[in-house]
Amino acid sequence: MDTTHRITEVADDGDAILYHCEECLRQVVVRRSGGLTVLQQGDFFATHVGGHGPIEVSVSGE
Ligand SMILES: [Zn+2]
């Protein structure tokens, strides 16, 4: 199964960007300085795209 969810940017403080997926409620923080923090796991196996061009935050980082 190849599932793709679309995430939307909900907050941006200049360094960290908070993304939210409405489908599985996944929440991740992506830092421009590098790094990714998963706040809410959501659907671990879905590929998440959205924000500034396609970024994949599905598996890496945690
Ligand atoms: Zn999702």
Side-chain angles (χ1 to χ4, degrees):
M1 283 279 282
D2 188 20
T3 306
T4 300
H5 291 176
R6 181 153 293 276
I7 53 173
T8 53
E9 183 184 320
V10 292
D12 183 350
D13 74 356
D15 174 40
I17 309 166
L18 174 64
Y19 289 101
H20 172 71
C21 174
E22 290 186 0
E23 292 187 63
C24 66
L25 304 182
R26 181 178 176 83
Q27 283 191 320
V28 294
V29 173
V30 179
R31 295 184 193 284
R32 291 189 171 90
S33 54
L36 180 147
T37 305
V38 179
L39 301 180
Q40 195 67 244
Q41 191 67 257
D43 185 351
F44 187 76
F45 296 103
T47 297
H48 289 85
V49 295
H52 303 287
I55 63 163
E56 297 202 2
V57 292
S58 53
V59 179
S60 61
E62 193 77 332

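Any value given below was found using the heavy atoms of this structure, including those in side chains, with hydrogens, waters and symmetry copies removed. Ligands are counted one by one from 1 in listed order, and the atoms in each one are counted from 1 as well. Computed from a prediction, not measured in an experiment: that's the story for all the values here.
Counting heavy atoms from C-beta on, the side chains of R32 and D12 come closer than 4.5 Å.
H5 pairs by the ring-ring contact (aromatic ring centres under 6.0 Å, His included) definition with H48, not counting sequence neighbours.
Rounded to the nearest 0.5 angstrom, T4 OG1 and R6 CZ are separated by 9.0 Å. Once rounded to the nearest 0.5 Å, the distance linking NE2 of H20 with CD of Q40 reads 9.5 Å. Rounding to the nearest 0.5 Å places CD1 of I7 at 11.0 Å from CD of Q27.
Counting Ile, Leu, Val, Met, Phe, Trp and Tyr side chains that sit under 4.5 Å apart, directly or through other members, V29 shares a hydrophobic cluster with V10, L18, L39.
Counting only distances under 2.8 Å, and ignoring water, the protein N, O or S atoms around the Zn ion (ligand 1) are H5 ND1, C21 SG, C24 SG, H48 NE2.
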